[in-house]
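A quick write-up on the structure given underneath.
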Number of protein chains: 2
Amino acid sequence: MAKFDLFQFVPFRLNRLAAEVSAALSDEYQVRYGLDIPEWRVIATLGFRDDACSAQFISQCTRTHKSTISRAVTALLERELIERVENEDDRRAFELRLSAKGHTLYEELIPRLLHKERDILSCLTAQERKDFAAALGKIERSLDLVQTRHGQKAGAY
Amino acid sequence: MAKFDLFQFVPFRLNRLAAEVSAALSDEYQVRYGLDIPEWRVIATLGFRDDACSAQFISQCTRTHKSTISRAVTALLERELIERVENEDDRRAFELRLSAKGHTLYEELIPRLLHKERDILSCLTAQERKDFAAALGKIERSLDLVQTRHGQKAGAY
DNA sequence: TTAAGATAGTCTCATTTGCAACCATCTAAA
DNA sequence: TTTAGATGGTTGCAAATGAGACTATCTTAA
């Protein structure tokens, strides 16, 4: 049998790297703004999209369990960082969007996070960064992790 | 402000990808062998190293909390997949190694996992895979995630 | 020696998380 | 219509996890 090297094993490396990178970022949103990871994901998704979206949508595109998103939404509503309005078309669902307060937080937080990301990737050349991102994209697509250009993941919502 | 795109944000993508890849692999070690992630990490580390090692060592190089490793070790001892002997030189620590049974499991499991890994990376060309692994390595080193060639992370153990 | 501090490992506790049951609502087909 | 099944969201519960206290042991230096 080919000798197995855990430290060359990509799934393991991805896990370890993701954990480490998350820890580096959490200084920004956790310590400074008191957001946990699910809460940050809700903020990030809402801030990214101009129009409102449902909890279900956030759950799907961040690959976070719906109960986790539900709890994050509750917490953010209490802190008045997001707003929730009934959906006319479907009264099971709610439309979520950032409040003014939430938008301010978002605008403050984003540059900090982008800066951290740049830091982390600064060990790569511009070309390497590009190739790395492209490789991530290929793997994501092959695992069906991404939406199509119509903003919908095939068959998912 | 430059528009922020969560789906282009590398930390987020790493998290999502790592979760998805882990889920794909867990079919192998979880469903088939009843191992959870920490248990698999212990097995993998012990199988990878020819000589015995301590729980502390496993904890450090897999970046898993020592209490989590401790629980995994207990469970694996109960299932007799690993063995634990006192360390002559340091009676706080134990030497851990795979049992014969554990080694059999390891030998069975590894090819399956390598196959899954190949599947996941099969969307990349050979060159892209090489570059991707190299980029991971660079980031890991810049985050101080890797051991030196002497098997020790600088200053860590 | 002895004492102070570091380290290996275990255990308890609080937090986080996923699962699954549940309710309300929607959709589709009879 | 009515009914069966799907879907959005919430909640209770149990499992997993990390933090940190704790014991035992080791190391270093006075």
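The chains referred to below are lettered A, B, ... by the order of the sequence lines, with proteins before strands, and numbering in each begins at 1.
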In whole angstrom, what separates [X]'s [atom1] from [N]'s [atom2]?
{"X": "A:His65", "N": "D:dG8", "atom1": "NE2", "atom2": "C1'", "value": "13 Å"}
{"X": "A:Phe57", "N": "D:dG8", "atom1": "CZ", "atom2": "P", "value": "12 Å"}
{"X": "A:Glu39", "N": "C:dT16", "atom1": "CD", "atom2": "P", "value": "9 Å"}
{"X": "B:Gln60", "N": "D:dG18", "atom1": "CD", "atom2": "P", "value": "15 Å"}
{"X": "A:Arg91", "N": "C:dC23", "atom1": "CZ", "atom2": "P", "value": "19 Å"}
{"X": "A:Asp89", "N": "C:dA24", "atom1": "CG", "atom2": "P", "value": "21 Å"}
{"X": "A:Leu35", "N": "C:dT15", "atom1": "CG", "atom2": "C1'", "value": "17 Å"}
{"X": "B:Phe94", "N": "D:dT23", "atom1": "CZ", "atom2": "C1'", "value": "12 Å"}

Less than 6.0 angstrom separating the ring centers of B:Phe4 and A:Phe48, yes or no?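 B:Phe4 vs A:Phe48: aromatic centres not under 6.0 Å.
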
Choosing from C:dA24, C:dC19, D:dC26, which nucleotide comes nearest the side chain of A:Arg92? C:dA24

Intermediate values then yes/no, side chain to side chain donor-acceptor pair (under 3.5 Å), A:Thr64 and A:Arg41: CA-CA 9 Å; A:Thr64 306; A:Arg41 287 186 177 172; 3.0 Å; yes

Take the angle between the ring planes of A:Phe12 and A:Phe7 and call it parallel below 30°, perpendicular above 60°, tilted in between.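 Ring orientation of A:Phe12 relative to A:Phe7: perpendicular.
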
Identify, between B:Pro38 and A:Glu95, the residue whose nearest nucleotide on DNA chain D lies closer to the 5' end.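 That would be A:Glu95.
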
Any residue in residues 66-88 of chain A with a heavy atom nearer than 4.0 angstrom to DNA chain C? Just list them by number, or reply none. A:Ser67, A:Thr68, A:Arg71

Regarding B:Arg13 and A:Glu140, does a basic nitrogen lie under 4.0 Å from an acidic carboxylate oxygen?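 Answer for the salt bridge query: yes.
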
Taking 4.0 angstrom as the limit, do A:Glu20 and B:Arg63 come out as a salt bridge?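 Here A:Glu20 pairs with B:Arg63 in a salt bridge, since their nearest N and O are under 4.0 Å apart.
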
For A:Gln8, does the CD atom have more than 12 heavy-atom neighbours from other residues, nucleotides or ligands under 6.0 Å away? yes

